2 protein chains.
Amino acid sequence: MLSKDDSGSEQPVIRRLGALRRLSEAGAAAIKDAVRERIVKAAAGEDLVCEGDRCENVRVFLSGWAYRYKTLEDGRRQIVSFILPGDTCDAYIYLLSAMDYSIATLTPVSYAELDRGAFERLMSADISVAEAVHCETLAERAIRCEWAINLGRRDALERVAHIICELFERLRVVGLVNGNSFAFPVTQMDLADAAGLSTVHLNRTLQELRSAGLITLRDRSLTILDLQALSSTAMFNPNYLHLHRG
Amino acid sequence: MLSKDDSGSEQPVIRRLGALRRLSEAGAAAIKDAVRERIVKAAAGEDLVCEGDRCENVRVFLSGWAYRYKTLEDGRRQIVSFILPGDTCDAYIYLLSAMDYSIATLTPVSYAELDRGAFERLMSADISVAEAVHCETLAERAIRCEWAINLGRRDALERVAHIICELFERLRVVGLVNGNSFAFPVTQMDLADAAGLSTVHLNRTLQELRSAGLITLRDRSLTILDLQALSSTAMFNPNYLHLHRG
DNA sequence: CGGCTGATTGATCCCGGTCAAATGAGGTGG
DNA sequence: CCACCTCATTTGACCGGGATCAATCAGCCG
């Protein structure tokens, strides 16, 4: 059941997993099939899952941006990671009894929903697929690890620069950048919650990045004016993304 | 090849995995066998792996404390997680080409080293084992997620209290607490690097916890005097540890 | 005894938080 | 077309948590 809009919508998944590990042709085909089965769409600004919900399906994101977050009782919120097209949202998650974080959308999104059966069928269909999925799990953990040092040890400017560098690399892999520009559907409030800063200070930090000639950010579009300089102020080292086939 | 000292050394692994998911008897036996094959020991204060090293073996920790960390070029360091007895250090890690973090020991440790063959044999030996290992991967990610909100959104007092609560729960599962006390082989420097604080401020924060009657910490031994109060100042909710069979 | 590592204390400074208000950009209903 | 509302961004003023610098103290080991 493939509508015209969806044709090719599985491309980001193939690109993402293929960057982590070489996919066999059979593997790529198995992914395409699995990901066409049950496609769900959601609007911007919606919660897809909430902390405490039962875990049932593995989600494979096809288009749009989302993020994982946690909140404290008193409302403080931390965005824990961004979810981009091609990302798989929690292999084997159905083994747990309750979600330990929430997912919200930043833009309209579409994703494939795989129940336990569908996911396990995909994992056993082809070794290269299983390996790529395991790699993605490891890569996603590595991202959270890098976020820990980001939040714990980088100052505001370095932190925001780092988040931008990471998003740029991840979007590049799935073909969502245009030169050094990309759509950036993140409000300053959201970005502040990802960087562990207040919105006020985040705003000032962005201005600092702008006036240093590192980025442009207008109308939800971000341009990196000097990637070299941005990377080095962030002390960004892309190895942790594991995007070059191990 | 089991020396007298090692008899029963696999217990923490069984307890840890068994807390995450019910293990069949065959599964428990398979774990015990796998974990006895090749046991490695290391002294306190050693690096077991460094960022950038090749990834070869999966490690299953049997005794002692270690931690994962990352450093920035200028020496700033962030401890990203503590590794306790029973923890598995990175299922499928051999699929990646280079480690994205380092591991160092806090005490003498012993761990089982599983090469790719041994690990895959274990995973296919018994479904309950494979599921438990996947659960552990998910639980470990959840821990990093919680650490993100810890570093990004909790203040110093809450942060340190949270780390203590988490360690207490994790040690309890593997039987390493004695009432509300446990061995705590972490220097203030290390704890500061886990909490994203300076050692000076960490020291003052510990004093605050002590003078509030929440903990005692002397001679590498920590006692929680008021678990209720400590949990609530930390806003600690143990669900993310997934220790109650899903 | 001297040297080393880790814990503690004091004094000072500054990054980033908080509070408050203004500006701007859509969006909607009259 | 305008009045009005909401949401996001921006700016200013002030404050405080935690960093930094520097010294002292306490064990421990050779």
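Given the structure is predicted, the values throughout are model-derived calculations rather than measurements. First the proteins, then the strands, lettered A, B, ... as listed; each starts at 1.
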Query - Listed once per pair and sorted, the salt bridge (Lys or Arg N to Asp or Glu O under 4.0 Å) pairs that draw on residues 176-186 of chain A, sequence neighbours left out - result: none
Query raised in the report: Rounded to whole angstrom units, what separation is found between the CG atom of A:L202 and the C1' atom of C:dG17?
Result: 13 Å
Under 3.5 Å, which donor-acceptor pairs do the side chains of residues 163-175 of chain B form with other protein atoms, sequence neighbours left out?
unit_1 : atom_1 : unit_2 : atom_2 : d
B:E166 : OE1    : B:W147 : NE1    : 3.0
B:E166 : OE1    : B:Y240 : OH     : 2.7
B:E166 : OE2    : B:W147 : NE1    : 3.4
B:E166 : OE2    : B:R170 : NH1    : 3.2
B:E169 : OE1    : B:R172 : NH2    : 3.0
B:E169 : OE2    : B:R172 : NH2    : 3.3
B:R170 : NH1    : B:F82  : O      : 3.4
B:R170 : NH2    : B:F82  : O      : 2.9
B:R170 : NH2    : B:D87  : OD2    : 2.7

**Report entry** Euclidean distance, atom CG of residue A:D193 to atom C1' of C:dG17 [Å, nearest integer]
**Finding:** 14 Å
Requested in this report: Indicate, with a heavy-atom threshold strictly under 4.0 Å, whether A:G196 touches base, sugar-phosphate, or nothing.
Outcome: sugar-phosphate
Query raised in the report: Within this structure, what is the NE2-to-P distance between A:H201 and C:dC14, rounded to whole angstrom?
Result: 15 Å
Please write out each protein N/O paired with an N/O of nucleotides 3-7 of chain C under 3.5 Å, distance rounded to 0.1 Å.
unit_1 : atom_1 : unit_2 : atom_2 : d
C:dA7  : OP1    : B:R220 : NH2    : 2.8
C:dA7  : OP2    : B:Q188 : N      : 3.0

Report summary line: Sequence neighbours excluded, the answer for salt bridge (charged side-chain N to carboxylate O under 4.0 Å, His left out) partners of A:R153 is B:D193
Report task. Report the distance from atom CD of A:E208 to atom C1' of C:dC14, rounded to the nearest whole Å. Result -> 14 Å
Query raised in the report: What class does the angle between the rings of B:W65 and B:F184 fall in, given that below 30° is parallel, 30 to 60° is tilted and above 60° is perpendicular?
Result: perpendicular
Report summary line: Taking for A:V200 and for B:Q207 the nucleotide of DNA chain C with the nearest heavy atom, the one nearer the 5' end belongs to B:Q207
Query raised in the report: Who pairs with A:E158 by salt bridge (charged side-chain N to carboxylate O under 4.0 Å, His left out), at least two apart in sequence or on another chain?
Result: B:R76
Report task. Looking at every strand, decide which applies to B:L206 at a 4.0 Å heavy-atom threshold: base, sugar-phosphate, or nothing. Result -> nothing
Report summary line: When the rotation axes relating C1' atoms of four end pairs to the next four are compared across the helix from C:dC1-D:dG30 to C:dG30-D:dC1, five pairs an end, they differ to 10° by 30°
Query - Residues forming a salt bridge (charged side-chain N to carboxylate O under 4.0 Å, His left out) with A:D219, sequence neighbours excluded - result: none
**Report entry** Outermost DNA chain D nucleotides near chain A [under 4.0 Å, heavy atoms]
**Finding:** D:dA8 to D:dA13
Requested in this report: Mind checking salt bridge (charged side-chain N to carboxylate O under 4.0 Å, His left out) for A:E146 and listing every partner two or more places apart, or none if nothing turns up?
Outcome: A:R154, B:K70
Query raised in the report: Does a donor on one side chain and an acceptor on the other come within less than 3.5 Å for A:Y69 and A:D47?
Result: yes
Report task. Identify, residue by residue, the members of residues 144-163 of chain B with a heavy atom below 4.0 Å from DNA chain D, and return them in order of residue number, or none. Result -> B:D155, B:A156
Requested in this report: Would you give the length of the straight line joining atom CD1 of B:I79 to atom CE of B:M189, rounded to the nearest 0.5 angstrom?
Outcome: 8.0 Å
Requested in this report: Kindly indicate, with the supporting measurements, whether the criterion side-chain contact (heavy atoms from CB on, under 4.5 Å) is fulfilled by A:R38 and A:L114.
Outcome: CA-CA 7 Å; A:R38 183 145 52 106; A:L114 309 193; over 6 Å; no
Query raised in the report: What residue pairs, at least two apart or across chains, pass side chain to side chain donor-acceptor pair (under 3.5 Å) with a residue in residues 177-186 of chain B?
Result: B:S181-B:T223
**Report entry** Pairs touching residues 195-204 of chain A that satisfy side chain to side chain donor-acceptor pair (under 3.5 Å), sequence neighbours left out
**Finding:** A:Q188-A:N203, A:N203-A:Q207
**Report entry** A:R68 and A:E51 ion-paired at < 4.0 Å
**Finding:** no
